[in-house]
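To start, the structure itself, in structure tokens.
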Amino acid sequence: MKYHKPLDILIIGAGPAGTTLAIDLARRGLDIRIVDKSDHAFDGSRAKGIQPRTLEVLEDLGALDDVIAGGSTYPLAGIHLGPFAAPWPMMRNRQPSTDVPYPNTWLIPQYRTDRALHNRLAQLGHHVEFASELVELDQDTDLVSARVSSPAGIEEITARYVVGADGGSSTVRKQLGIGFAGSTDEQDRMLVVDAVTTGLSRDRWHMWPRTGGKFVGACPLPHSNLFQWMIRPAIDEEPAPDMARLNDQIRSATGNRRITLSEIQWTSVFRPNIRLAENYGQGRVFIAGDAAHVHPPAGAQGLNTGIQDAYNLGWKLAQVLAGTAPGLLDTYEAERMPIAAGVLGMSAKKYEGIAKLDPSSISRGKDEQQLALSYFGGPLAPRDSDRTKKLRVGDRAPDAVLTGRDGEQVRLFDIFRGTHFTALAHGRRAADALDRLEWPAAGAEVKRIAVGSPADSADHFLTDSAGTLGQVHGIAGEALLLVRPDGYIGHIATQDFLTGTRTAIEAMTPPARSRIVSESSSRTGVAE
């Protein structure tokens with residue numbers, strides 16, 4: 001095959017996962033395109049819960065302000081039992097803390113999340129190419145060829161890598177022949193409707209549980225007069241197909257004759273799926289988001305898990321394109337697939353609990369927030385690594401507030417933000433090691449932070465007079481931490497500060513004399 005000026009990466013699908021990946025790659029200066037078969041951006045509320053860890057990712061990507069402006073914290077649930085309505089705290093709203101700046105799940109309709117991501121992508125000089133559908137994929141040891149159909153005709157696009165973030169019915173996954181193990185209950189259907197609603201208070205997420213698995217819920221969408229209605233009829237019932245029947249069905253199910261729906265903005269009937277791809281890629285093609293895993297709606301996990309997929313994959317693709325050994329890309333599946341499997345189990349359990357009228361099925365806690373998810377024990381986070389009193393390698397690196405040279409407060413998250421690694425030294429011996437830490441010229445750079453003891457190489461010298469690192473990070477003495485570009489801890493050293501750190505760096509960065517053009521891959525069998 002002959003190619004002319006191949007892209008670095010072609011992304012198929014412009015939902016939250018695909019657009020997150022596009023933003024992360026664009027800010028790294030890579031040559032990318034992102035296409036989507038839809039004629040326009042998604043216009044429904046579907047996945048409406050953004051978890052605290054995802055809010056941190058969006059802050060790093062520069063899209064958080066629009067998401068915060070377009071949403072709100074969740075209201076109390078209102079559980080309707082006959083003529084009575086009992087308030088139920090689905091989740092406890094918490095105040096921001098030193099280590100968790102965004103502690104609460106954020107309620108925002110998906111169309112606003114999508115647009116916030118698209119706006120950020122546009123700021124970086126890229127736009128989604130809508131009405132562009134993948135027809136065929138072909139790859140060899142060096143490049144991927146994608147035939148894409150658009151109103152202008154068929155175009156053949158060549159790229160070094162392709163990522164399919166094109167949803168549960170992913171064309172990319174099917175082209176690769178990747179199995180999608182799991183189940184779909186064809187008799188279980190959920191009707192979702194975004195509609196102007198009157199006769200119902202907007203200070204509650206209203207729920208009318210019924211026996212036999214039937215369920216009606218109405219969640220007020222922030223900054224609008226819309227509710228998202230979720231209607232799960234009994235197996236022998238059909239979802240109402242028109243406005244008159246829909247109002248009749250809702251009034252009958254709720255017992256409230258005052259409720260009136262009008263001006264339907266979006267509607268969908270879906271059958272809950274519980275599926276996980278058998279692998280997350282083949283050769284130079286990867287899948288992410290719903291293309292790799294689909295979830296029941298309970299727990300607000302699907303969109304968030306997809307964004308985390310993209311956040312994990314983006315820096316690894318960039319590093320390999322810069323000369324890092326392509327085996328780094330094997331760690332994408334190794335790290336993300338176990339996370340998706342665990343999340344699927346939790347979502348399925350909560351969804352089943354709704355049918356059994358189990359109150360815990362609508363409760364939300366730290367398991368849903370994704371702050372405690374860890375890659376510990378994975379290929380980049382061996383179990384025999386050093387640890388602090390609170391952190392292991394592979395854990396999320398918490399935020400902290402320290403003090404700069406001029407007495408100003410400095411957030412670690414502000415230092416972490418961007419495309420670089422971060423090396424944080426606490427104590428004199430760790431600071432000396434920071435000075436001797438070599439870093440490759442190619443690929444992502446490193447920012448060096450010295451806490452407590454100055455280092456000649458440090459980009460930031462900070463003090464911790466309040467003992468924040470001890471409280472939040474569990475650092476009691478000398479420590480050298482390496483934080484990956486996605487905010488997870490790549491290495492912890494508490495005694496031998498250089499040997500293990502150098503080994504960790506070698507696994508995630510190009511060699512000193514990296515050759516960007518000639519890549520080799522254990523996962524593809526590509527030879528140099």
Side-chain angles (χ1 to χ4, degrees), residues 1 3 6-22 25 32-44 46-47 110 114 117-118 121 126-140 143-182 184 268 270-271 273-295 302-303 305-307 309-310 313-314 317 329 332-333 336-337 340 523-524:
M1 293 185 292
Y3 304 95
L7 298 170
D8 289 324
I9 295 150
L10 171 65
I11 302 166
I12 312 295
T19 313
T20 293
L21 180 62
L25 297 173
I32 68 165
R33 287 174 66 179
I34 177 169
V35 302
D36 194 286
K37 68 179 181 180
S38 299
D39 292 335
H40 52 75
F42 182 69
D43 55 8
R46 186 163 53 203
Q110 184 179 329
D114 281 14
L117 290 168
H118 292 166
L121 184 63
H126 294 269
H127 295 83
V128 177
E129 300 174 41
F130 287 109
S132 299
E133 183 173 5
L134 176 68
V135 176
E136 186 178 11
L137 276 176
D138 186 25
Q139 62 177 311
D140 59 21
L143 294 170
V144 186
S145 175
R147 298 183 72 226
V148 175
S149 174
S150 73
I154 300 290
E155 179 185 6
E156 184 168 306
I157 303 171
T158 58
R160 299 185 188 279
Y161 292 96
V162 168
V163 179
D166 49 342
S169 59
S170 170
T171 301
V172 173
R173 189 189 65 244
K174 293 173 182 176
Q175 290 265 330
L176 296 177
I178 295 175
F180 207 32
T184 302
S268 175
F270 70 89
R271 289 166 173 78
N273 290 280
I274 305 171
R275 293 190 178 274
L276 181 63
E278 292 178 354
N279 51 71
Y280 276 21
Q282 185 181 103
R284 291 178 170 271
V285 183
F286 297 86
I287 56 175
D290 286 357
H293 43 78
V294 290
H295 308 247
L303 176 149
T305 304
I307 285 178
D309 289 344
L313 180 59
L317 283 168
L329 293 173
Y332 165 60
E333 177 182 308
R336 293 304 302 166
M337 185 180 284
R523 75 189 310 279
T524 63

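Start at 1 with the first residue, then count along the sequence.
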How long is the straight-line distance from [atom2] of [Y] back to [atom1] of [X], given to the nearest 0.5 Å?
X	Y	atom1	atom2	answer
Ile287	Phe180	CD1	CZ	7.0 Å
Leu137	Leu176	CG	CG	6.5 Å
Arg33	Ile12	CZ	CD1	9.5 Å
Asp36	Leu134	CG	CG	11.5 Å
Leu25	Leu121	CG	CG	10.0 Å
Glu129	Ser150	CD	OG	8.0 Å

Can you tell me if [X] uses its side chain to pair, donor with acceptor, with the backbone of [Y] under 3.5 Å?
X	Y	result
Thr20	Gly18	no
Thr158	Ser145	no
His126	Ile34	no
Gln175	Val135	yes
Asp309	Arg336	no
Arg284	Val144	no
Gln110	Pro16	no

Is [Y] close to [X] at the side-chain level, that is, under 4.5 Å between some pair of heavy atoms?
X	Y	result
Lys37	Ser149	no
Asp114	Arg46	no
Leu329	Tyr161	yes

Taking all heavy atoms of [X] and all of [Y], pick out the closest pair and write down the distance.
X	Y	value
Gly281	Glu333	N-OE1, 4.3 Å
Gly164	Ala291	O-CB, 3.7 Å
Leu143	Pro6	CD2-CB, 3.7 Å
Leu21	Gly314	CD1-CA, 3.6 Å
Pro151	Ala131	CD-O, 3.2 Å
Arg173	Gly168	NH2-O, 2.9 Å

| Step-by-step side chain to side chain contact (heavy atoms under 4.5 Å, CB included) determination, Leu276 to Met337 | CA-CA 8 Å; Leu276 181 63; Met337 185 180 284; 4.1 Å; yes
| task | Could you point out which residue of Ile9, Leu317, Val162 forms a side-chain contact (heavy atoms from CB on, under 4.5 Å) with Phe286? | result | Leu317
